[in-house]
There are 4 protein chains.
Amino acid sequence: MARAAASKSQTRIQREKTEQILAAALVVFSKYGFRGSTIDQIANEAGLSKPNLLYYFDGKDEIHARLLARMLDTWLAPLRTLDETGDPVEEILGYVTRKLEMARDYPRESRLFANEILQGAPRVIDQIKGPLKNLVDEKAEVIRHWAAEGKIADVDPYHLIFSIWATTQHYADFNAQVSVILGPRADDWFDGARSYLTKLFICALRPAKA
Amino acid sequence: MARAAASKSQTRIQREKTEQILAAALVVFSKYGFRGSTIDQIANEAGLSKPNLLYYFDGKDEIHARLLARMLDTWLAPLRTLDETGDPVEEILGYVTRKLEMARDYPRESRLFANEILQGAPRVIDQIKGPLKNLVDEKAEVIRHWAAEGKIADVDPYHLIFSIWATTQHYADFNAQVSVILGPRADDWFDGARSYLTKLFICALRPAKA
Amino acid sequence: MARAAASKSQTRIQREKTEQILAAALVVFSKYGFRGSTIDQIANEAGLSKPNLLYYFDGKDEIHARLLARMLDTWLAPLRTLDETGDPVEEILGYVTRKLEMARDYPRESRLFANEILQGAPRVIDQIKGPLKNLVDEKAEVIRHWAAEGKIADVDPYHLIFSIWATTQHYADFNAQVSVILGPRADDWFDGARSYLTKLFICALRPAKA
Amino acid sequence: MARAAASKSQTRIQREKTEQILAAALVVFSKYGFRGSTIDQIANEAGLSKPNLLYYFDGKDEIHARLLARMLDTWLAPLRTLDETGDPVEEILGYVTRKLEMARDYPRESRLFANEILQGAPRVIDQIKGPLKNLVDEKAEVIRHWAAEGKIADVDPYHLIFSIWATTQHYADFNAQVSVILGPRADDWFDGARSYLTKLFICALRPAKA
DNA sequence: AATGAATGAGTTTTCATTCAT
DNA sequence: AATGAATGAAAACTCATTCAT
């Protein structure tokens, strides 16, 4: 009962179709949420028949799980690169920028994740409790050190991280609203946001004068 | 086939049941999203039979629409109170605090709204384009004036508002994640968040020294 | 989520439909086996729509389970009446006759049960290990006593019981074959079988001459 | 589209694969019944790919048909050996023993057959009406002669045969039940059954004293 | 107003079978 | 001969909605 997607050595077609399906699933899931999406929609978007799609994946759940799993790595990558030996303010601002770029370049991934968390993270709670929390704890410690050494202002590292996530992902997750409000300037949200957020966080991080 | 909900003069019972249903719908919709929720769940939560629920509302769509409609007012209230004659920094910080309180006191409402926007706001796009945008434009103008007059720092008012929304609602919308990351301190997120955000925005708004 | 079939106080309609469905399910399951039967067939046989049928039962499994459960009692009734204070040979012959009557009067029930056991009893194994085994053990003990006291021949009570089950149920379970082989006399199989089996078991049970 | 299975002269490989498939099909069909078995299961059990399996057989139906066809011969073999020139009681007891050995050695074959008959013998009805009935009629005639000549008791030969079939096959067909009821002694059912059945049928056949 | 009953239109999934190589 | 890929038809179940009372 070896399923194609599970075998170690995949054929070219298998890889292609798997990618095709995951790409289609991302489009659909990020738009309608898990429950709101149908396999039909995904199959359609992928240009496959429903049974053919199910030849590659065991079901809706598995597609979703695979999507989220592969996403989490990418999602955490920017935080991982936060370097404790680098310049603190620069490091954090760099993180903000990278997150903002991700919101621009991978808005659907962001919405997929947001959808999941919004509904209580039923399917990724383990990964949040494990890898994600560990990474955040680690980097929070780095930030705390910087603050203790006076290299940055005395901020709570967790709330700092939350605010970075929130402000950057907002442009992807709530794009429907942002677009309407920015009106004709919506297409250039990125530059405005970067400029604003850079100022915001520079200010927040600048160490108090001695 | 006069439906209760349509008639102008509702009896007390009608009003009560309507409230009961909307309250139940909020619980369910905010948890599972629109498509993920079933009328059965809502009826159950409301303690009514499904047909009885549908006596008061034309259907799932209508319940959802009514819920969002009534919420939007509440949702925008804090921004409405932003007083152009008040102290700029105080006004904005007050707005931040009120939004944070709403995230604490009405997390389900926040998630309901977030769910809707996330999926492209299909059912509230009109209200976003109308009342919401108008209000934001109006208050953005106020903020711009403050900035022009040097009463606050020179920030883009729209991105400022986005950042306030994002940072405050984050605690409601992404609560599943916040809880895990804060661990045992999760219950007290409010104080930590208020303290952090107050500092963040004070700093961002403090006018540059002349 | 209270399902009709589960509530304690059923309406007349509920009882009727439930019976209707179980009767239809017996016809279908006994003919095609569990996997070979479809809800469509049962609904059709019952004169109901499929969703309506599923309004009364949670699914195919539940229908099958309910059928088997209610049947087991009936099925074991004849053995239960085996009276240790009665005349041994008469008691056992009476049991044979009652089992044969059941094969005549409830052939579909017999086949339903046979089907289940044949496939390893996946859904009734617990009831076999429990109530059925207990009852058989109890009655086997009775028979053993009779044999020990010389009231019947020295037979293994378990194999005796097996042979009674086998020979009587054969007429129901393998009716398709029996009918063909008996040809025109098939309709009267009962009398022939009773006569034959009576002789068979009288002979087997008659205590050896002292 | 010459199919392997149809061609007269099969290569060694073809014969081997055919056997492999039939062996696998026996395992699966006897366990789950015809409808409950899938080609996937059979292919898996046979260690072949599904399309490859279907290269050798036209479909599920054909595999099943072939299996039953080849089985029927084996199945009837013991009865065929019933020799009218032999000692009547010995011949019949020998038949009982051989049937019991088959129940022990080929329980899956027995269950496959039982499954089929239980469901009305849709796929073997012709062979039952033909070869099987003919053989039974022939041997019944032999038995009747023996009875008429007073060599055995005056029993109905058809019901005698039924009872032999029933009592012996019971151990294979209803093994799930037998095992539970015999408990720890289940592994040795054969000796107990042979001893019991031998006594049972000796007694039934012993001619009445003159 | 209220509810038990019913249903049509999906939605996921399974599976025998075919296609292409 | 063999297999990866594909599919149409069915099957189980779900759910918003309607019916009847």
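Values reported hereafter were calculated over all heavy atoms of this structure, with side chains retained and with hydrogens, waters and symmetry mates removed. Every chain is numbered from 1, with letters handed out A, B, ... down the list of sequences.
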message = Return whichever of B/F34 or D/G47 has its heavy-atom-nearest nucleotide of DNA chain F closer to the 5' end.
response = D/G47
inquiry  = Quick check: on DNA chain F, is the nucleotide nearest A/P51 upstream (toward 5') of the one nearest C/K60, or the reverse? Name the residue that is more 5'.
reply    = A/P51
Hey, is the side chain of [X] poking within less than 4.0 Å of OP1 or OP2 on [N], counting only N and O atoms?
X: D/S37; N: E/dC15; value: no
X: B/S49; N: E/dG4; value: no
X: D/R35; N: E/dT14; value: no
X: C/Y56; N: E/dA6; value: yes
X: D/Q14; N: F/dA1; value: yes
X: A/Y55; N: F/dA5; value: yes
X: D/N52; N: F/dA1; value: no

Tell me: [atom1] of [X] to [atom2] of [N], nearest whole Å?
X: D/F57; N: E/dA16; atom1: CZ; atom2: P; answer: 15 Å
X: D/L53; N: F/dA2; atom1: CG; atom2: C1'; answer: 12 Å
X: C/I39; N: E/dT7; atom1: CD1; atom2: P; answer: 15 Å
X: C/Q41; N: F/dA11; atom1: CD; atom2: P; answer: 7 Å
X: D/D61; N: E/dC15; atom1: CG; atom2: P; answer: 16 Å
X: B/D40; N: E/dA5; atom1: CG; atom2: P; answer: 15 Å
X: C/D58; N: F/dT14; atom1: CG; atom2: C1'; answer: 12 Å
X: C/L54; N: F/dA12; atom1: CG; atom2: C1'; answer: 8 Å

key: Sidechain N-carboxylate O distance under 4.0 Å for C/E62, C/R66   = yes
So which nucleotide does [N] pair with, by the Watson-Crick or G-U wobble rule with both distances under 3.5 Å?
N: F/dT21; answer: E/dA2
N: F/dT14; answer: E/dA9
N: F/dA9; answer: E/dT14

ask   = For the residue pair C/F113 and C/W75, does the interplanar ring angle fall in the parallel (under 30°), tilted (30 to 60°) or perpendicular (over 60°) class?
value = tilted
task = Evaluate the side-chain contact (heavy atoms from CB on, under 4.5 Å) criterion for residues D/E116 and D/F34: first the C-alpha distance (whole Å), next the side-chain angles of each, then the deciding distance (0.1 Å), finally the verdict.
result = CA-CA 8 Å; D/E116 178 67 12; D/F34 179 73; 5.7 Å; no
message = Between B/L48 and C/K17, which residue's closest nucleotide on DNA chain E lies nearer the 5′ terminus?
response = B/L48
task = Please tell me which of D/G59 and A/K50 maps to the more 5' nucleotide of DNA chain E, matching each residue to the nucleotide holding its nearest heavy atom.
result = A/K50
ask   = Looking at OH of B/Y55 and CD of B/Q14, how far apart are the two atoms once the value is rounded to the nearest 0.5 Å?
value = 6.0 Å
inquiry  = Could you report the tightest heavy-atom contact between C/L54 and C/G59, atom names first, then the distance?
reply    = CD2-CA, 3.8 Å
From F/dA5, F/dA1, E/dC15, nucleotide with atom closest to D/T38 side chain = E/dC15
ask   = Can any side-chain N or O of C/Q127 pair as donor or acceptor with the backbone N or O of C/V124 at less than 3.5 Å?
value = no
